[in-house]
Amino acid sequence: MAKKTTKTSKKPVRQKAKGRRQKAKPGWGKLGKALDGVRILDFTHVQSGPTCTQLLGYMGADCIKIERPGVGDITRTQLRDVKGADSLYFTMLNGNKRSITIDSKHPKGKEIIERLVKACDVLVENFAPGTLDRMGFTWEHIHKLNPRMILASVKGFGPGPYEECKVYENIAQCAGGAASTTGFREGPPLVTGAQIGDSGTGLHLALGIVAALYQRDRTGRGQRVLCAMQDGVLNLARVKLRDQQRLKHGPLEEFSQFGEGISFGKAVPRSGNDSGGGQPGWILKCKGWETDPDAYIYFITQAPVWEPICDLIGKPEWKTHPDYAKPPARLPRLKQIFATIEAWTMTKTKFEVMDLCNQHDIPVGPILSMKEIAEEQSLRDTGTVVEVDHPVRGKYLTVGNPIKLSDSICEVKRSPLLGEHTDEVLTKVLGYSAKDVADIKASGAITAPEK
Ligand code: CAO
């Protein structure tokens with residue numbers, strides 16, 4: 001972003017805004033890893049569970065991922081871009097983990113998993129409802145094996161009519177209320193590209209695990225942590241449940257449909273790009289929009305900076321005009337106001353608008369494409385976007401730890417190959433001898449059956 005500063009800007013963007021390009025100061029991140037000593041038995045697959053354990057791994061937990069021999073996490077081969085290599089779907093969700101292959105349905109495999117349960121602090125899983133029980137790992141059994149163990153699960157729904165259902169991302173977005181409130185009023189419900197059902201619930205689960213670890217310090221006991229994807233999505237969509245209740249008391253005046261004179265129904269409608277808060281906003285075209293699908297900017301007409309906005313867009317008379325001077329007067333005219341602002345933004349690139357507005361503290365956000373994000377140096381500097389090297393696929397980009405801890409080292413490591421650490425975990429973590437490992441291999445508990 002910062003490289004594309006406009007030549008038309010007279011004052012430099014304020015120091016506050018420039019801060020995003022500064023590298024972490026020396027001294028940060030030098031005092032060990034936050035979750036050093038925590039061992040996670042990672043029995044996750046696809047996205048929601050792996051998001052959680054990867055984050056804990058970034059924070060220093062030792063994550064041992066159990067995978068089915070010969071197959072592994074299904075995402076290893078989904079959306080493959082490089083023949084024969086683990087997909088980006090897998091590699092970007094399974095960094096900082098060790099991989100052990102175990103057939104959980106094999107008697108010897110069960111025995112190894114039981115030993116892992118005793119050696120670990122947390123078991124994280126996101127199997128379909130009942131799967132872990134069918135493997136023989138009920139909560140009662142796990143708790144008996146290791147009373148300190150925390151069992152953390154992602155499920156699609158919490159207890160209730162749908163608790164037995166399998167759930168994927170978009171199902172959660174729909175069942176959690178997000179889809180019915182996303183999109184344009186005249187169009188169908190829309191899912192969002194941000195994985196609020198999977199990654200969002202993984203984040204919730206990580207918080208639950210850390211809280212349970214903290215409580216275990218006092219009680220000495222593990223507990224179950226459950227995050228339902230429907231609940232996670234609803235938590236992220238809570239402003240829409242707020243609006244649902246406001247509807248009883250009259251129209252939602254900050255929605256553009258209010259200004260357009262369109263009446264509200266019984267449920268919160270889709271609101272296009274309206275701002276969800278009290279400060280109206282909209283996405284506006286910028287220079288080049290005809291050919292560049294991302295030449296847009298989100299523009300917020302924040303009340304305290306209304307006067308600078310009027311000056312910037314060449315409408316100084318709006319500062320005192322009764323139809324525009326105060327926020328309530330502007331609400332019924334939002335469409336026309338944003339059309340006028342857009343006539344100005346269309347004469348500038350999104351980065352020029354960003355620079356000019358930030359000189360006056362006007363909150364705006366360029367629509368950044370994934371290409372621009374991948375190339376953004378400041379995100380590399382902060383470790384939010386990281387390049388890692390993989391022995392089969394070569395270099396790839398991943399999203400590093402978005403949570404920055406001042407006294408904690410965060411290393412982002414590549415994802416493991418299938419079963420890369422099987423021997424290491426069996427011998428170094430579980431104490432099996434070389435002969436034991438040979439016997440285990442011969443038993444078929446950690447190797448794929450012959451085809
Ligand atoms: N060894 C042997 N068997 C194994 C194994 C191992 N190491 N790991 C998994 N399996 C088996 C399971 O035991 C299960 O077998 P059974 O059906 O015989 O019990 C089987 O693999 C499939 O597990 P699953 O039911 O969890 O997987 P699925 O592909 O049928 O469903 C999903 C996938 C995601 C829909 C389901 O796991 C689910 O609803 N999870 C909870 C919600 C969730 O996390 N969704 C997010 C997914 S990301 O978009």
Side-chain angles (χ1 to χ4, degrees), residues 41-54 64-79 87 89-90 92-94 97-114 116-117 123-138 151-160 162-176 178 191-206 208 224-233 416 418-419 421-422 425-426 440 443-449:
L41 186 50
D42 181 347
F43 217 169
T44 68
H45 65 155
V46 207
Q47 187 182 161
S48 62
T51 306
C52 165
T53 48
Q54 177 171 261
I64 300 172
K65 180 167 173 116
I66 301 181
E67 295 183 81
R68 203 199 303 230
V71 183
D73 188 321
I74 194 171
T75 59
R76 281 189 186 266
T77 53
Q78 280 182 341
L79 311 179
S87 70
Y89 194 176
F90 178 83
M92 291 179 71
L93 285 164
N94 290 285
K97 300 181 188 179
R98 300 198 266 178
S99 166
I100 177 171
T101 50
I102 309 175
D103 179 350
S104 62
K105 292 177 178 164
H106 189 288
K108 192 72 189 171
K110 281 187 202 296
E111 184 192 305
I112 299 167
I113 295 174
E114 288 191 349
L116 278 167
V117 168
L123 191 161
V124 188
E125 63 91 21
N126 66 307
F127 289 120
T131 299
L132 197 64
D133 288 359
R134 280 198 298 281
M135 286 179 188
F137 292 99
T138 59
L151 171 60
S153 305
V154 170
K155 295 289 166 259
F157 293 93
Y162 306 119
E163 66 185 303
E164 297 301 329
C165 299
K166 289 186 180 180
V167 168
Y168 284 104
E169 169 70 43
N170 289 345
I171 298 175
Q173 287 198 26
C174 295
V191 293
T192 164
Q195 303 286 281
I196 58 176
D198 279 335
S199 289
T201 309
L203 285 172
H204 283 89
L205 194 70
R224 275 177 289 180
V225 181
L226 170 67
C227 286
M229 293 168 73
Q230 181 185 39
D231 300 5
V233 169
L418 179 60
H421 305 97
T422 301
V425 172
L426 289 176
I440 292 168
S443 76
I446 58 170
T447 42

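Whatever order the structure lists them in is the order used to number ligands and atoms, beginning at 1. Throughout, numbering of the chain's residues begins at 1 and tracks the sequence.
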Closer than 4.0 angstrom, basic N to acidic O: yes or no for Lys155 and Glu164? no

With the threshold set at 4.0 Å, does a side-chain nitrogen-carboxylate oxygen contact exist between Arg68 and Asp103? no

Per the under 4.0 Å non-hydrogen criterion, ligand 1 touches His45, Val46, Gln47, Ser48, Glu67, Arg68, Ile102, Asp103, Ser104, Lys105, Asn126, Phe127, Ala128, Thr131, Arg134, Met135, Val154, Gly156, Lys166, Val167, Tyr168, Glu169, Asp198, Met229

Residues which pass ring pair (Phe, Tyr, Trp, His ring centres under 6.0 Å) with Tyr168, listed by chain and number, not counting sequence neighbours: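 Partners of Tyr168 by the ring pair (Phe, Tyr, Trp, His ring centres under 6.0 Å) criterion come out as none, since no residue qualifies.
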
Parallel, tilted or perpendicular: which one describes the rings of Phe127 and Phe43, with boundaries at 30° and 60°? perpendicular

Atom pair OH (Tyr89) and CD (Gln78), whose distance is rounded to the nearest 0.5 Å: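 Taking OH in Tyr89 and CD in Gln78, the distance rounds to 6.0 Å.
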
Please check if the number of heavy atoms outside Leu226 that lie under 6.0 Å from its CG is greater than 12.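 Above 12, so yes.
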
